[in-house]
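Working notes, structure below.
Per chain, numbering begins at 1; letters A, B, ... match sequence-line order. It should be emphasised that the depicted structure is a prediction, and the values quoted were computed from it without experimental measurement.
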Amino acid sequence: MLSYVLPIAFALVALAVVLNFWRLIRGPSLPDRILALDTLYVNTIALLVLLGIHLASPLYFEAALLIALMGFVGTVALCKYLLRGDIIE
Amino acid sequence: MRRLLPHPLLAPILALIWLLLNNSAAPGHILLGLLLGWFIPWFTLRFWPERVRLRRPLTLLRFIAVVLYDIVLANLIVARRILGRPAALRPAFVRVPLELKSDLAISLLANTICLTPGTVSAQLTPDRSCLLVHGLHVPDAEALVTSIKQRYEAPLKEVFESC
Amino acid sequence: MLEYLLSFLILGGAAFTFIGSLGLARLEDFYTRLHGPTKATTLGVGSLLIASALYFSTRGEGMSLHEVLVTLFLFITAPVSAHLLAKAALHLKLPSLAAVPEDNPPAHPVGNSPGPGPHKRA
């Protein structure tokens, strides 16, 4: 059962990543691009978790945690840059 | 007591996070987690100006259950809206007047609004009297405001600021 | 039985992740686009992580709950980044399908003068 479901899930998340890239490249404004990047981080976590289940290895969890942390910090820093026009004040 | 354990709630939460991070419940890790839970609030005291008091833990639990249920429901609704015709959407900005005063309660309310049915909190006025909320599909602005106030603001007020 | 539950969680999670990104790509203005990723994607990845926790917990090597940590972290941080993004968009006055209320004073004054920061420095 799981061996049928996993490829479908991989395909769906990979399509989601493609859509994110489309918005990242096209995105008319800067917040659009930041939002696309933020979604990209979250989708990468999804891909890593799926890979972890597929390979039955818990090692990928650490990478997912790191991406979650760094992605959040990056998004906040970029938003702050848009709001204040400066990061180091 | 106050100086030794400035935030009594934070210590067990930090210990629990330490255990989850290590993915183990060995006695050594429990001890180390409790030690960290005592030590970290103690030397980050300056970042936590206000003391958190939970008045009604049961109301908090019910609030969390309601929010979790709403998150699942909200996602089904938002998914249907996204898959439907985009032209049928009626997005709107709505102002929600706030009765909450404490920082933590306002942040929690803003976070809940972001996670639940088709709404994102966009801006807090500098005097903290009003929260600007963007709704994905708002046929009736009044109903949205009353539902936010009754469903999320009232329990938060009861838990964090009951008089 | 467990296998069905796992498959349901994985399929549902992947579907929500996809729908969130579809909303990001498809909707028309920035503020409506914001809704897809903050809600659907968060729940999608959350349910994938819970599926992973279940999967590793039932393999006979003891409980594995550290995925819950990532789920919690995502559920706490996603609204914060959505709020900041909406604020930045309002600050930049992006075109919006909904009427933006005008009398809203900007949260941070434009220019180099440091506005009232969120931190009260001691």
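Across C/A89, C/S21, C/A15, the residue that shares the most heavy-atom pairs under 4.5 angstrom with chain A is C/S21. Comparing A/V13, A/N20, A/V18, A/V17 by how many heavy-atom pairs each has under 4.5 Å with chain C, the most go to A/N20. Of the listed residues (C/L11, C/T17, C/T77, C/L69), the one with the most heavy-atom contacts under 4.5 Å to chain A is C/T77. Residue with the most contacts toward chain C among A/L40, A/T39, A/L30: A/T39 (heavy-atom pairs, distance under 4.5 Å).
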May I have the step-by-step check of side chain to side chain contact (heavy atoms under 4.5 Å, CB included) for C/L24 and A/W22, ending in yes or no?
CA-CA 10 Å; C/L24 176 72; A/W22 188 75; over 6 Å; no
Check the pair A/L82, C/L92 against side chain to side chain contact (heavy atoms under 4.5 Å, CB included), reporting the backbone distance first and the verdict last.
CA-CA 8 Å; A/L82 285 188; C/L92 295 177; 4.0 Å; yes
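When heavy atoms are compared at a cutoff of 4.5 Å, C/I19 does not approach chain A at all. Only the side chain of C/F73 comes within less than 4.5 Å of a heavy atom of chain A; its backbone N, CA, C and O stay farther away. Using a 4.5 Å cut-off between heavy atoms, A/A36 touches chain C through backbone and side chain atoms alike.
Of all heavy-atom pairs spanning A/R23 and C/L27, the tightest one is NH2-O, 4.0 Å. Closest non-hydrogen pair, A/A46 versus C/V45, comes out as CB-CG2, 3.9 Å.
Using a 4.5 Å heavy-atom threshold, the side chains of A/L15 and C/L22 count as separate. At a threshold of 4.5 Å between non-hydrogen side-chain atoms, the residues C/F30 and A/L35 count as touching.
Among A/L50, A/L48, A/L47, A/I45, the one residue that satisfies the side chain to side chain contact (heavy atoms under 4.5 Å, CB included) test with C/L48 is A/L50.
The OG atom of C/S7 lies 9.5 Å from the CD1 atom of A/I8; values are rounded to the nearest 0.5 Å. To the nearest 0.5 Å, atoms SG (A/C79) and NE2 (C/H83) are separated by 10.0 Å. Residue A/L12 holds its CG atom at 12.5 Å from CZ of C/F16, rounded to the nearest 0.5 Å. Separation of atoms CD (C/E67) and CD1 (A/I53) is listed at 8.0 Å; rounding is to 0.5 Å.
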Would you list the atom pairs, donor with acceptor, under 3.5 Å between side chains in residues 54-75 of chain A and any protein atom, with sequence neighbours excluded?
unit_1, atom_1, unit_2, atom_2, d
A/S57, OG, A/L59, N, 3.2
A/T75, OG1, A/D38, OD1, 2.8
A/T75, OG1, A/G71, O, 2.8

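For A/N43 and C/T41, the side-chain atoms include no donor-acceptor pair closer than 3.5 Å.
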